[in-house]
Amino acid sequence: MDWSWLEDAERVEEHLYAAGLRLHDKWICSTLLRDEASYSCVLCNLRWPQELLWPGRMKLRTSKEEADALAGGLSLQGQVVARYMLCSGRVRLPVNTLILKISDELDPVIDFLPPSLCPACSATVQRKPHKEDQAINSILVRSSSADLSNVPMRIALDVAQNVFYGNDHEHMIVDEEMLQLGYGHMALRLTVPSTASVYSALRLGLPGCSIDYLPSTPARLTVTVYPASVHLPHANSPSLNPSEVAQWLSSVGNCHVASYTSGCSAHAVVAELASVGCWHRALALNGELWQRTVMIVSATENFESHACTLSSRPSTRRIMLYWLRALSGLGVVAKRLVLAFLGDPPVMVPSDIGSLEDAMRVSRNVIIVGGHYTLPQGLKIRSPVNLIGDGQVFLHLGSPVQIRSEFGAELRNLTFLGEQTGESDNRSAVIAVQCSYLVAIGRGYRCYSDITPVGGRRAFACCSWGRPSITLTNCTIRGGHHGVDLRGGCGVRPRMGKSRRPILAFPATQYLEDGLDLGAWLERNRNQHQEVDMPSIEFSGKRAYVPGWKQHVMTFAQLIDCEISNSVTEAINAWRGARLEMTRCWIHNCGQGLTVSHFETPSDLEQFKEFQLAPHISIRECLFEAIEGNDWSSAISLGRFMTSGFTRSQESELTKGFMPGSKGKSAGQYFLEAELLRNTLRCCNAGVICSRTNLLARSNQVEHVKFGAFQIFNGKTIMEENQIKQCAIALTARSGLSAAISWAAKLELRSNLLQMCEVGLRLSSARAQLEVNLSQDSLIGLGDGIVIQGSTSNVEMEGCRIADCKRMGIHAFKESNVTLRQCQILRNGRGVVIASGSRADISRSSFEGNTGWAVRFEGHPDDDLSLGSTSSIVGNSFGCPEKGNAGRKRVRVDTRSEMVRCLANSSPGEGLVEPEVKLQKTSHCAVLADEMAQLSLQTEML
């Protein structure tokens, strides 16, 4: 065999493309090209990204004469090959091959797409070992487009993935035999060292339909041929003519058929072959396209067992009797149409099946008859079931309801009763959600040596298909340590460079053996997600050698019209990146309302859109009340570092990884995205606590909160049209200690109403920036309107109204900065008080009815002008005096006049308003006065 082509890299790539093998070289090209095109699968007719199709989009360099001949062989419908054609003496273009482009060169390059299968259909077609098989050591390699004699499989597979080597470094292929099929088509029978090598070969590349399992030779050499569409739901499978199938086996497979007959179904034909070689060649035709139908060739027993499964009909169920009774007035044809639309009837518990677990194994839809049910062992949901309560259904739980479904689940009209105890050893939740869907992460090595991969694995692709959720509708949850516990698939802290597991001697082998069968996973997704057109796949654009796939757990929960009460700690606890949507829920009488912890997204995954979904938390039209079990109890806590069981020292270690400048820097995403829309919070010890969270709060009502209604620490917060009444502090915002911090606090307030609170806004900064913008906000009837402190605090107010505050409207101190434009400061104890070192720009604002000074600059006459810029009061209006001294005191400056610029301030009927300057004694005068006092005292004593 001529192996000279291995010396030329371009010829290597061309031969690998010609072989149609989905090896890692083709993956590298796919990841770098980033082709966004999608094409239809020849079997399921769904559109898929071209990177997932087998054999998929290919290129071939040929001669000018062959390109012209190919152009003449296209069908009238467009760029589709109308007959079998052979190009370059080795590549076979089957019928219905789509010609995408023929370059205009001396040696043209043909860009074409042969009839291709998606990974799901490839997994359906692929022949796999069975548990009862004894010797599992042989595979069949079939190329859809090329003569495999041009590509030595031992070298090609070695180059592709080094996963078959054992500890003794034996070759991965023990024996190989070339099978001559019809029309010049070739197949290859390979014997590999072990069962693990077979499974690795079946997963080789993507989706791997070119490699099939070859079972041991049976006593009777029979095969069953049937269309692959029988495995697809709602697909029309053609009936087969036994004589035509036998002729197809003889011509395409070069097989001698001894006898043939119809199988157990009109869609199947059983053929007996004359020799073992003919039997191997017949099995090599598995997945071939015949009469525009993908054919499956397998052992007879496999199809019979499947046919029995297809022919079995569900037993008569109680709900079917109800349907027939409701349809009794219709005709036969109308009844059939309605029943066909309704599908399989759900199972009723306990009418049809007494056990809830057995009912979920039988049917996806389960109806529970009203009553009380005791589940001492809880309930484990591992499939996408729909549990629906008919009437008042009470489930008394001794253990949690554990939900870990790959395709979501739905629970409706159910009442879950957990243990209402505060014992420390009982920390279980009533409902524990651990997974709602999976995404497939492709990982590979950045370098590749002659024997083993180099370096660590990194993500090069992310594949997902929909985002199923765990949905609770109209459910009641009472008791438990947590009401609902949501656990995602991300980490709670960075691993500080530590590996998840020790490095093995042959990491590639271990990695792929424990990996995800992407084709089988996509097949399951296709059967479940009928509403999603096709999966999405993203590439990082970086090279990846020895590619493999791993599943990544994702959690998405939806709570609609639910009630959660009497939980010992959190009503809802979301951590590790779990996403949550709540609509019209009622949370009351719990130790804590909703708690969401920070999480760590690995740095090599945050580049994919699947890990950039926002918001993580969405709460709409919900009611939180009577959350006051502890002094720290809050309705909503976003961005908590600690989860239950962590000590204070462990909390500091978790936090250390997120602090800039620390040794354990966080490499991934840890910001939370949350939105609160039209919610009501009342009678709680604390309202909303946010730490490093990007929050949108709109049209919420907060009443009767013992401490702070909103407590913000870093992050970006937008508050619009909220009403906060009768709370201790309406809003507290604080920034961090590091001046170089990138996630300092930034708040934007628009059209909010803060009323009858002790303090409206309390804003403080240490070193990090704190920026607060207020627009059209109203602060009415407060103790103190706004209290600002910190040199990095910057507050800008425009069109705001501060009225009827008992003490001060605005108090700025500790070198803070305030800007007021077109604001109204009315009927407060004192209007605006600026302490020494702070700065204020007040323009076009109105002051009326303030008991004390409307604007007062407190300071020391020795303040250094070089420490900061001057303040200004420009173009403001001051109302006429009212009863007593209200409104009589306008502007007072207790510092050097050079630090405050007062211009164009006026009062109706009084003209310009000049500031009243009251300088205190300077430090020099004070020293002289003390010396003079001591001197006079000594004189008197003498």
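Both backbone and side-chain heavy atoms feed into the values below; hydrogens, waters and symmetry mates do not.
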Which pair of heavy atoms, one from [X] and one from [Y], lies closest together, and at what distance?
{"X": "Arg478", "Y": "Val430", "result": "O-CG2, 4.0 Å"}
{"X": "Ala686", "Y": "Ile689", "result": "CB-CD1, 4.2 Å"}
{"X": "Ser793", "Y": "Ser765", "result": "OG-OG, 2.8 Å"}
{"X": "Met797", "Y": "Cys800", "result": "CE-CB, 3.8 Å"}
{"X": "Ser428", "Y": "Pro400", "result": "CB-CG, 3.6 Å"}
{"X": "Gly483", "Y": "Ser567", "result": "N-OG, 3.3 Å"}

Item to complete: Determine, stepwise, if the pair Arg467 / Glu610 fulfils salt bridge (Lys or Arg N to Asp or Glu O under 4.0 Å).
Response: CA-CA 9 Å; Arg467 301 180 183 95; Glu610 188 64 35; 3.2 Å; yes

Is it true that a side-chain atom of [X] and a backbone atom of [Y] form a donor plus acceptor pair closer than 3.5 Å?
{"X": "Asp804", "Y": "Ile780", "result": "no"}
{"X": "Ser764", "Y": "Gln789", "result": "no"}
{"X": "Thr555", "Y": "Ala578", "result": "no"}
{"X": "Asn722", "Y": "Asn700", "result": "yes"}
{"X": "His598", "Y": "Arg692", "result": "yes"}
{"X": "Ser838", "Y": "Ser816", "result": "yes"}
{"X": "Asn685", "Y": "Lys706", "result": "no"}
{"X": "Ser735", "Y": "Ala768", "result": "yes"}
{"X": "His552", "Y": "Ala440", "result": "no"}
{"X": "Thr693", "Y": "Leu695", "result": "no"}

Worksheet item: Got a sec, which residues hit side chain to side chain contact (heavy atoms under 4.5 Å, CB included) with Glu721, two or more places apart in sequence or on another chain?
Response: Ser699, Ser751

Item to complete: Please examine the side chains of Leu676 and Leu696, heavy atoms only from C-beta on, and report whether any two atoms are closer than 4.5 Å.
Response: no

Under 4.0 Å between a Lys/Arg side-chain N and an Asp/Glu carboxylate O for [X] and [Y]?
{"X": "Asp604", "Y": "Arg458", "value": "no"}
{"X": "Arg821", "Y": "Glu798", "value": "yes"}
{"X": "Arg830", "Y": "Glu858", "value": "yes"}
{"X": "Glu600", "Y": "Arg576", "value": "no"}
{"X": "Arg807", "Y": "Glu758", "value": "yes"}

Can you tell me how far the [atom1] atom of [X] sits from the [atom2] atom of [Y], to the nearest 0.5 Å?
{"X": "Phe710", "Y": "Ile724", "atom1": "CZ", "atom2": "CD1", "value": "5.0 Å"}
{"X": "Leu638", "Y": "Leu594", "atom1": "CG", "atom2": "CG", "value": "6.5 Å"}
{"X": "Arg762", "Y": "His811", "atom1": "CZ", "atom2": "NE2", "value": "10.5 Å"}

Going by atom types alone, do [X] and [Y] pair a side-chain donor with an acceptor below 3.5 Å?
{"X": "Asn752", "Y": "Asp777", "result": "yes"}
{"X": "Ser469", "Y": "Thr471", "result": "yes"}
{"X": "Glu673", "Y": "Asn694", "result": "yes"}
{"X": "Gln822", "Y": "Ser845", "result": "no"}
{"X": "Gln434", "Y": "Arg487", "result": "no"}
{"X": "Glu703", "Y": "Gln726", "result": "no"}

Worksheet item: Should the ring pair His588 and Trp586 be called parallel, tilted or perpendicular, given that the plane angle runs from 0 to 90° and is split at 30 and 60?
Response: parallel

Worksheet item: Which word best sums up how the rings of Phe539 and Phe460 line up, parallel for under 30°, tilted for 30 to 60°, or perpendicular for over 60°?
Response: parallel

Discussion item. Go through it in stages, so that I can follow the logic: the residues are Glu625 and Arg682, the test is salt bridge (Lys or Arg N to Asp or Glu O under 4.0 Å), and I'd like the CA-CA distance, side-chain angles, deciding distance and then a yes or no.
Written reply: CA-CA 5 Å; Glu625 64 177 347; Arg682 62 190 181 204; 3.0 Å; yes

Worksheet item: What do the steps show when you test Glu570 against His482 for side chain to side chain donor-acceptor pair (under 3.5 Å), and what is the final call?
Response: CA-CA 5 Å; Glu570 294 93 345; His482 305 299; 2.9 Å; yes

Worksheet entry | Glu675 and Arg620: CA distance, side-chain angles, deciding distance, salt bridge (Lys or Arg N to Asp or Glu O under 4.0 Å) verdict | CA-CA 8 Å; Glu675 62 178 15; Arg620 305 187 179 202; 2.8 Å; yes

